[in-house]
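What follows is a set of notes on a single structure, which appears directly below.
Order of the sequence lines sets the chain letters (A, B, ...), proteins ahead of strands, with each chain counted from 1.
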Amino acid sequence: GDSVTQMEGPVTLSEEAFLTINCTYTATGYPSLFWYVQYPGEGLQLLLKATKADDKGSNKGFEATYRKETTSFHLEKGSVQVSDSAVYFCALSEVQSNTGKLIFGQGTTLQVKP
Amino acid sequence: EAGVTQSPTHLIKTRGQQVTLRCSPISGHTSVYWYQQALGLGLQFLLWYDEGEERNRGNFPPRFSGRQFPNYSSELNVNALELEDSALYLCASSLSGFEQFFGPGTRLTVL
């Protein structure tokens, strides 16, 4: 079945450092891809999305490009802030099979130190 | 615009009891999804309701059930609670079936 794999965490960075969180997927067909962020004690917030190959999603300084050839959707940010400390989830949507569900990676914890 | 709301925020139950969680979707959204986020197990899909009908369910036992009302709000019921049901239960809503928007969750503790 479809699956999402994220890099192991936690990731610890200093403020203003460059962030990359790797995400790769396995899917039949052409899924839509998402990054969600979960701040402590809260639900998930949609951070960005992409629906087809070579699409770039971006929001709040975060970016991710849908790479079909490498089945990847890595999250990047040029300069992280302490307020970016959270758990980040990569997810895919089985649009073509219409199951309704999102399949999530295991989540990557980011800690940014001042 | 109000987001997805869930109630209650926290809940403590004992083994064998039954619990009902509630979710109100974003206005205009017709689909509601339920997910379980248990420690060490990640986010698992539970149920999908659309236009009042159950469209899909994840790999959970039948004691997990729910329904969607005519106003598109939804309930998740869990019978015969077990310790491993302790988790954060997240509800999401969607208009198009593409983007899902999540609520803050209900934290269930089973003692």
Side-chain angles (χ1 to χ4, degrees), chain A residues 1-10 21 23 25-27 29-52 55 57-59 64 66 73 86-109, chain B residues 2-10 21 23-26 29-51 53-60 66 68 74 87-108:
Chain A
D2 294 0
S3 65
V4 175
T5 302
Q6 291 180 233
M7 62 187 289
E8 293 277 340
I21 300 178
C23 170
Y25 67 90
T26 302
Y30 305 98
S32 295
L33 300 173
F34 305 86
W35 277 100
Y36 283 86
V37 58
Q38 186 175 35
Y39 297 101
E42 298 184 11
L44 301 180
Q45 294 180 26
L46 178 62
L47 185 58
L48 51 82
K49 61 186 184 285
T51 60
K52 61 183 187 298
D55 264 2
S58 61
N59 186 25
Y66 190 143
F73 192 54
V87 182
Y88 292 81
F89 291 92
C90 183
L92 68 80
S93 174
E94 300 175 315
V95 176
Q96 289 181 312
S97 58
N98 199 27
T99 63
K101 64 181 177 181
L102 292 172
I103 295 174
F104 288 88
Q106 67 269 41
T108 302
T109 299
Chain B
V4 177
T5 59
Q6 293 186 243
S7 63
T9 306
H10 295 89
L21 311 181
C23 171
S24 291
I26 292 171
H29 286 192
T30 59
S31 279
V32 169
Y33 311 80
W34 288 95
Y35 292 83
Q36 182 196 64
Q37 187 178 24
L39 201 60
L41 294 179
L43 282 147
Q44 305 290 323
F45 168 77
L46 261 168
L47 288 159
W48 170 29
Y49 292 97
D50 181 63
E51 296 285 357
E53 300 285 332
E54 182 180 302
R55 301 296 185 184
N56 194 18
R57 66 179 291 127
N59 188 25
F60 282 84
Q68 186 178 32
S74 176
L88 181 67
Y89 288 85
L90 292 164
C91 171
S93 74
S94 173
L95 175 60
S96 63
F98 170 49
E99 299 172 332
Q100 293 185 21
F101 297 90
F102 285 79
T106 293
R107 173 74 62 186
L108 172 65

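Within the 4.5 angstrom heavy-atom criterion, atoms from both the backbone and the side chain of A:Leu102 approach chain B. With a threshold of 4.5 angstrom between heavy atoms, B:Leu41 does not approach chain A through any atom at all. Heavy-atom distances place the side chain of A:Lys49, and not its backbone, under 4.5 Å from chain B. With a 4.5 Å cut-off on non-hydrogen atoms, B:Phe102 touches chain A through its backbone and its side chain both.
In plain terms, the two heavy atoms of B:Gln100 and A:Tyr36 that are nearest each other are O-OH, 2.6 Å. The minimum heavy-atom distance linking A:Thr99 with B:Phe45 is given by the pair O-CZ, 4.3 Å. Counting all heavy atoms, side chain and backbone alike, B:Leu90 lies closest to A:Leu44 at CD1-CG, 4.2 Å.
With a 4.5 Å cut-off on side-chain heavy atoms, A:Phe89 and B:Gln37 count as touching.
With values rounded to the nearest 0.5 angstrom, A:Ile103 atom CD1 is found 10.0 Å from B:Gln44 atom CD.
Other residues, nucleotides and ligands place no more than 12 heavy atoms under 6.0 Å from the CD atom of A:Glu8.
Options B:Glu99, B:Gln6, B:Arg107 differ in how many heavy-atom pairs under 4.5 Å they form with chain A, and the most are formed by B:Glu99. Put simply, of A:Glu42, A:Gln38, A:Gln45, the one with the most heavy-atom pairs under 4.5 Å next to chain B is A:Gln38.
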